[in-house]
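All ligand and atom numbering here is 1-based and tracks the order in the structure.
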Amino acid sequence: MKQQDNNSHTTTTRLLDNEPVGRTVQVVRVMGDGAFRQRLLEMGFVRGAQVTVLKNAPLQDPVEYMIMGSHISLRHSEAAQVEVTDKDAEFCDLEDAFNGIVETEVAGMDPMADNVLRVVLVGNPNCGKTSLFNNATGAREKVGNYGGVTVDSKEGWFNIDGHKVQLVDLPGTYSLTEYSPEEMYVRTYIRDNRPDAILNIVDAGNLERNLYLTTQLMDMNIPMVVALNMWDELEKSGDKLDIDMMGRLLGARMIPLTAYNGHGVKEVLQATMQAIEESEQETLHHNVNYGTLIEDCLKELGAMCPGMDRYTVLKIIENDQHAIDLLNGQDNAQEVKETAAEMRQRIERDYNSDIVSIITDLKYGFVRGALAEALTPNPERATGDTKPGYSMDRLLTNRWLALPILLVLMWLMFEATFTLGAYPQEWIESGIGKIGEWISHAMPDGILRDLIVDGIIGGVGGVLVFLPQILILFFFISLLEDSGYMARAAFIVDRIMHRVGLHGKSFIPYLIGFGCGVPAIMATRTLENRRDRIVTILTVPFMSCSARLPAYLLLVAAFFTAKQGLILMSIYLIGILVAALTAILLSKTILKHDKTQFVMELPPYRKPTARNAVIHMWSKGKQYLQKMATIILAASIIVWALGYFPRHEGQTPQEQIENSFMGKMGKAIEPVVEPLGFNWQMGVSVLTGAAAKEIVVSTMGVLYTGESDATEESASLKEKLQTATKPNGEHVFDPIVAYSFMLFILLYFPCIAALAAIRREAGTKWMLFEIVYTTGVAWLISFIFYQVARMI
Ligand code: GDP
Ligand code: MG
């Protein structure tokens, strides 16, 4: 391939895809168009940037590259979009784009106009925003070494010099281009809330890429402070940064910070307050100087759009649809659009390139120019797998070991959850049993006693015993997130996920889904592609969440004597299989889309902190307890009451249940569940289990023993199930019925909380689809299994 560049050199170019592992090359250009190309440019794939091919994933796709000091995963098909040339080919002068800064005047602001001082935290994913936020406000938000852990904004307060200031932790973003949901969120937040200051957190060890976002923030004309976080790592690396010079070149206040231990937090907050104070007077703003041609355009167009910040004006010239939409309602909208189009043509002609690359190149040129002056890299600094923070990759993403290690880690996680959790579970169980006994003796016979003992203690207690397991599972998930392994897991399994039409990133929500579907559905926010997100959201409930476990444990213990572990695992595997088939089906039909492309960053490994894991565990535990105190408490009382009333004198407990409201309900739905091998008691259990899957067991407890303090351990319930007989004398349960029942519990109706999350993230339409689809699939699979198993 030959390419003519603007300096009229002729450069021989190749495709990045064909470069062997270990080679370093130079980017010439990114082909194609649209959002993916823009993302690549923003991640640093600009003219003249050096890329090193680090390694193929164990399944050969994707490939790990290093660019601007960060590790990025690209599929072969994506790397084929990048044209490269030899590392030392001379075709592009890196610093020639550095024009320094320009100063623009803006009117003073009144920070107290809305009675609150508001500061927003903006920065790349994983640069330490949440760590700073927690440190400054005393909050205990989740930090994590994985992009997209913060998907909402979190608000907190800090006090300084007698002022009370609101601090907002925004999701991590590489840019403000409004291409991913996070970018959109951050951009909209800043536009709508007009914070009094921006606190831009950058990773000091990765300035080139991090400062790109800074160049965009500078153009928003809001007072800004740049916090150079991970200062400890920069010092350790031996690189030298002249902060004063850097600050002068960029025209920004720069303060070193080590957020996770709190060094520099005070200085950063003070500098922010100072920036706010200064903004009260008429002030000069520092912006990237894009060179005479573009600066003239910005001035001219800016004058036509009073009230718009420089960022938006530039975006209009770039033909950005979101920015252009903001013109609606402005009298001269048409005129502005035409002028912008003319300017765009003029600029593109002059630079002999397309506008998006030109602006990105100029921004990166600005950053590089400043860094060339102010940063002295340690010449002995290691790179690649030998770089500190990446050495574990030699093992963990090793071609042969990666998949086995991933499987062992997952197995360890589940095994530890269940075996370690069993001890505290027993204590809680016997504690609850004692309380129930004590109340039974202490209280006189009557409805109130039955309600407390059978309804509340039985129902809620039966579910409370799983708290230890839940805590342990989330402890492990937190460790995986915090250490940086989650991104590797996505890297390793991308090829497999690709088969079902998804990206490796979907793996994380699935993994979290084994704990609980609600945070898993929230975690899909890291997926840029909306269709991908919806496919993931709709299939996450097939990952068997921990709430379903009590029912399996009960049934496996009662009806399978050998290979109990394997039986249990087969249920989980069937869930995964159904999810995979559903994903294929959806992405081939109603959610059909082009193959999803996105660049994923592999952050350096970091030591997970115990504090963090405990915070995470605690917040999950709190949520679980809240669920106990609300949904499950209410449901237990309702289930109990439906089985308790109407009362008739002189009935056996069995007759009482049969003639109760619950019994009548069960009889009504019996025909629907009969072909699956279920009787009416099981039908009622799955019905009530729709509120929360744990309730399946507590309902069985009410229906089979006449008292609901049943858990999977409770011998009486287990025995009752084993000996329960139909009117004709046959056993109600046998292994086939039990398995069919487990399949149904696995697949049907996600609980109310999960549906609420689906509705919030994907909309009502998809929530309704999910209800029908999951229940339909559950019925069909249980039906086929039961009928076929009966025949053979
Ligand atoms: P966010 O994604 O920007 O909110 O970043 P987090 O606050 O979640 O932090 C990302 C990771 O960087 C976590 O593993 C933190 O423990 C770690 N971290 C944060 N600040 C520092 C720091 O100053 N130095 C070092 N070495 N690590 C940090
Ligand atoms: Mg965060």
> Establish, from distance only, whether the side-chain atoms of Y605 and S391 form a donor-acceptor pair under 3.5 Å.
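No.
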> For ligand 1, is there an N or O atom under 3.5 Å from any N or O atom of L257?
no
> Just jot down the ring pair (Phe, Tyr, Trp, His ring centres under 6.0 Å) partners of Y364, sequence neighbours excluded, or say none.
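So Y364 forms a ring pair (Phe, Tyr, Trp, His ring centres under 6.0 Å) with Y212.
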> For ligand 1, which part of D232 has a heavy atom less than 4.0 Å away: the side chain, the backbone, both, or neither?
side chain
> Using a 4.0 Å heavy-atom threshold (strictly under), name the region of T130 that reaches ligand 1: side chain, backbone, both or neither.
both
> Thinking salt bridges, do E233 and R606 make one under a 4.0 Å N-O criterion?
yes
> Under 4.0 Å between a Lys/Arg side-chain N and an Asp/Glu carboxylate O for R310 and D219?
yes
> Of all the atoms in ligand 1, which lie at a distance below 4.0 Å from a heavy atom belonging to A259?
20 (N), 22 (C), 23 (O)
> Can you name the atoms of ligand 1, numbered from 1 with element, that are less than 4.0 Å from a heavy atom of E233?
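In order of number, 25 (C), 26 (N).
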> Going by atom types alone, do S483 and K607 pair a side-chain donor with an acceptor below 3.5 Å?
no
> What do we get for K129 next to ligand 1 when only non-hydrogen atoms under 4.0 Å count, side chain, backbone, both or neither?
both
> Among S131, P256, G389, which one puts a heavy atom closest to atom 19 (C) of ligand 1?
S131
> Is the closest N or O pair between P125 and ligand 1 shorter than 3.5 Å?
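The answer is no, given that P125 and ligand 1 share no N or O pair closer than 3.5 Å.
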> side-chain hydrogen bond (donor to acceptor under 3.5 Å, both in side chains): which pairs involve residues 244-260, sequence neighbours left out?
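Found D232-Y260, R253-E278.
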> Looking at E601 and R209, does any basic side-chain N land under 4.0 Å from a carboxylate oxygen?
yes
> So which bit of M230 gets within less than 4.0 Å of ligand 1, heavy atoms only: side chain, backbone, both or neither?
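Both backbone and side chain of M230 come within 4.0 Å of ligand 1.
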> Can you tell me if G172 has a non-hydrogen atom under 4.0 Å from ligand 1?
no
